[in-house]
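So the structure is just underneath, and the comments pick up after that.
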Amino acid sequence: MVDQVTADLYVPDAGEEPLLAISSVSILRAAPVSRLSFRCRDDARAAAGKAFGVALPAKPLSAETTSDRIAFWLGPDEWMLIAPESDLEAVSAKLEAALESHPTSLVDVSHRQEAILVSGDRAVWLLNTGIPIDLDVSAFPVGSVTRTVFHKAPVMVWRTGEDSFVVEAWVSFMDYVAGLLVQSAGELSAA
Amino acid sequence: MLLIYCPYCEVERPELEFRCGGEAHIARPTDPSTQSDEQWADFLYMRTNTKGIYAERWRHIHGCGRFFNALRETVGDKFLKVYKTGEPKPDLDAIAKEASR
């Protein structure tokens, strides 16, 4: 089992103050990245992976990463592709050219959602204040990615290490998600 | 919390992530213009509403987003079997026998 996955694309946004910084858990806003929502049939998957630079995973809830590309499995015919902010046009052009003969959908959703980095000993506890799924490392191993709900907001969660997570939510829900996390963390500093 | 197995994600997830899509295996008439009003109303609205084992469509809306089918025991709210969209309807009598054992 892997202990840590390559998550070079998700770095803390240098211009932002930490949302939360206590000894047992921290919440940092992540710097912007390019996000592409991609859907295709099985026969186009290999070509899409080749054009994007990293294979699109077929295994449910898994992710394929390199230092500057991530492909998240979100559904049997749906992936979220992550690339550096400056690569958006190059990536879209390459995918479009490679997939001309296949029916596919490629949508730029870079600004639809944003990410926070939640890490620390109590990260699992903190996320489970709002996320109903089992985040134990046996049930949700390092490298797993899934969409789920955080209280009432849909979120995407990616486990990058045993105690570190990337949580993405739609821009307009992020204050709700981050706000509730910071409020729930009050329990930790009180104890 | 009720856990439902998603055949696409291949994991059990809480009910909160799912939405029920009503009775399964109701095919839309291929040529709607040949249908009488009664037949069309029947297709749109009439459901068996079984007390017992019921085949339903469920959607993993806050997960993979996919629809799948499930057999649910409507009295005890117990899921007996889930299967992917397109797979044939299981033999309900055999499942009922199995469940009552």
Side-chain angles (χ1 to χ4, degrees), chain A residues 37-42 45 56-63 71-80 105 107 109 112-113 127-141 143-159 167-170 173 176-177 180, chain B residues 1-28 30-32 54-90 95 99:
Chain A
S37 169
F38 179 68
R39 301 192 62 172
C40 73
R41 300 210 173 113
D42 236 10
R45 192 167 63 83
L56 305 192
K59 184 172 166 260
L61 312 181
S62 67
F72 292 127
W73 184 98
L74 290 185
D77 59 359
E78 182 177 0
W79 292 267
M80 174 76 78
S105 153
V107 183
V109 294
R112 182 182 74 179
Q113 56 201 51
L127 290 175
N128 268 150
T129 58
I131 291 175
I133 68 174
D134 186 357
L135 291 179
D136 188 88
V137 78
S138 62
F140 194 73
S144 304
V145 60
T146 185
R147 278 186 293 212
T148 181
V149 283
F150 179 85
H151 290 284
K152 292 183 177 180
V155 292
M156 189 182 90
V157 182
W158 182 36
R159 187 175 212 146
V167 178
E168 290 215 345
W170 287 23
F173 298 153
Y176 172 88
V177 173
L180 276 169
Chain B
M1 195 179 289
L2 178 62
L3 296 174
I4 301 172
Y5 182 85
C6 170
Y8 293 98
C9 294
E10 299 171 3
V11 284
E12 271 193 330
R13 285 296 172 83
E15 189 186 3
L16 286 178
E17 290 189 0
F18 297 84
R19 294 288 179 275
C20 182
E23 188 171 3
H25 304 291
I26 293 177
R28 188 175 194 274
T30 46
D31 190 358
Y54 198 36
E56 285 175 323
R57 298 159 77 224
W58 280 79
R59 187 176 184 201
H60 194 189
I61 177 105
H62 291 302
C64 58
R66 253 12 60 141
F67 276 98
F68 58 92
N69 294 327
L71 296 184
R72 187 171 63 93
E73 202 272 303
T74 56
V75 180
D77 201 18
K78 186 175 179 193
F79 279 74
L80 300 172
K81 187 181 167 70
V82 295
Y83 51 105
K84 291 180 179 176
T85 301
E87 289 176 8
K89 188 175 181 176
I95 301 266

> Between atom CD of B/Glu12 and atom CG of A/Asp134, what is the distance when rounded to the nearest 0.5 Å?
Replying inline: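 It comes to 10.5 Å.
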
Please report the shortest heavy-atom distance between [X] and [Y], naming the atom on each side.
X: B/Gly63; Y: A/Arg147; value: O-NE, 2.8 Å
X: A/Glu78; Y: B/Cys64; value: OE1-O, 4.1 Å
X: A/Pro132; Y: B/Pro14; value: O-CG, 3.5 Å
X: A/Trp73; Y: B/Tyr8; value: CH2-O, 3.8 Å

> If you count heavy-atom pairs under 4.5 Å with chain A, which of B/Arg66, B/Met1, B/His60 comes out on top?
Replying inline: B/Arg66

> With a cut-off of 6.0 Å (strictly less than), are more than 12 heavy atoms of other residues, nucleotides or ligands near CZ of A/Arg41?
Replying inline: no

> Is it the side chain or the backbone of A/Thr146 that comes within 4.5 Å of chain B heavy atoms, both, or neither?
Replying inline: side chain

> What part of A/Leu74 gets closer than 4.5 Å to chain B, counting heavy atoms only: side chain, backbone, both or neither?
Replying inline: backbone

